[in-house]
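Order of appearance sets the numbers: ligands from 1, and atoms from 1 within every ligand.
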Amino acid sequence: MKMCSIRSGSRGNAILVWTEKTKLMIDCGISGKLAESGMREAGLSPEELTAVLVTHEHKDHTGGVGIISRRYGVPVFANERTWCAMEGALGKIAPEHKKTFDHIQEFSVGDIEVSPFSIPHDAADPVGYCLTGEGKKLAIATDIGVLQESLFRAVKGSEAVLLESNHDRNMLEMGSYPLPLKQRIRSERGHLSNEEAGKAAEFLVRMGVRQILLGHLSPENNYPLLAEQTVKNTLTAAGIQPGRDMMLGIAPGDRLGRICEI
Ligand SMILES: [Zn+2]
Ligand SMILES: [Zn+2]
């Protein structure tokens, strides 16, 4: 199974996860054009897309969902409350392409088993996704306000995780965002800082995760190098050597990430 981020970050998210038979896009908060060129760049054709899975209704995750569903005739999966919250903004979705599941109910698409899990974030019923295919499991865990044991329980057994590393605490503190927005990002229903991502990464590696991609970086309150170095420092202090014991990388906000194979 393979995973590749077309874009990851506050300006738009679209992550590809695929097996030989099934090609999924997790969120599409980018333009249809960018989603198409990203798929081609990753070696897939947009015509082979099987479905789009939505984590939550925020625009950076849903902006291009309607376009992709209409253009390629693909189903869109989201839980009931997310559907209610996003439906008005998607444009017309063919009734047969509206796929609903209950809260965090498991389902499969092609030969990929999908296990949604709840995440603490300020949306209607936000989820992360664990995806199992070809005998391997990976997880997408971004837009997380606070680290909870339930997250680690859900992603257990994953070999790769796309983990949020949204902001550097000091940059957010000193930056130009208005106070209410700063408070929202810092809150338990906001976003994960680099420091928290470091702690999460340490725990994930101890659980057996071998590849971690840091994603959903804020372009205003973070730098890829800073996120990577902060997480690296936590791992190294815990006796884990990135590059030797595990692979640490970035899912960039402005270009295609590397293809991660498990
Ligand atoms: Zn969000
Ligand atoms: Zn987001």
- prompt: Have Ser10 and Asp60 got a donor and an acceptor in their side chains that come within less than 3.5 Å?
  reply: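 Their side chains do not contain a donor-acceptor pair, so the 3.5 Å distance test is not met.
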
- request: Check the side chains of Asn166 and Ser218 for a donor-acceptor pair under 3.5 angstrom, ignoring hydrogens and angles.
  value: no

query: Is atom CZ of Arg210 surrounded by more than 12 heavy atoms (other residues, nucleotides or ligands) closer than 6.0 Å?
result: yes

- prompt: Which protein atoms of type N, O or S are found under 2.8 Å from the Zn ion (ligand 2)?
  reply: Asp60 OD2, His61 NE2, Asp143 OD2, His216 NE2

- prompt: Got Leu90 and Thr62 here, is their nearest side-chain heavy-atom distance under 4.5 Å?
  reply: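 In contact.
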
query: What distance separates Asn222 CG from Leu217 CG, expressed to the nearest 0.5 Å?
result: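 Those atoms lie 4.5 Å apart.
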
- prompt: Got a sec, which residues hit side-chain contact (heavy atoms from CB on, under 4.5 Å) with Thr142, two or more places apart in sequence or on another chain?
  reply: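 So Thr142 forms a side-chain contact (heavy atoms from CB on, under 4.5 Å) with His61, Leu162, Glu164, His216.
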
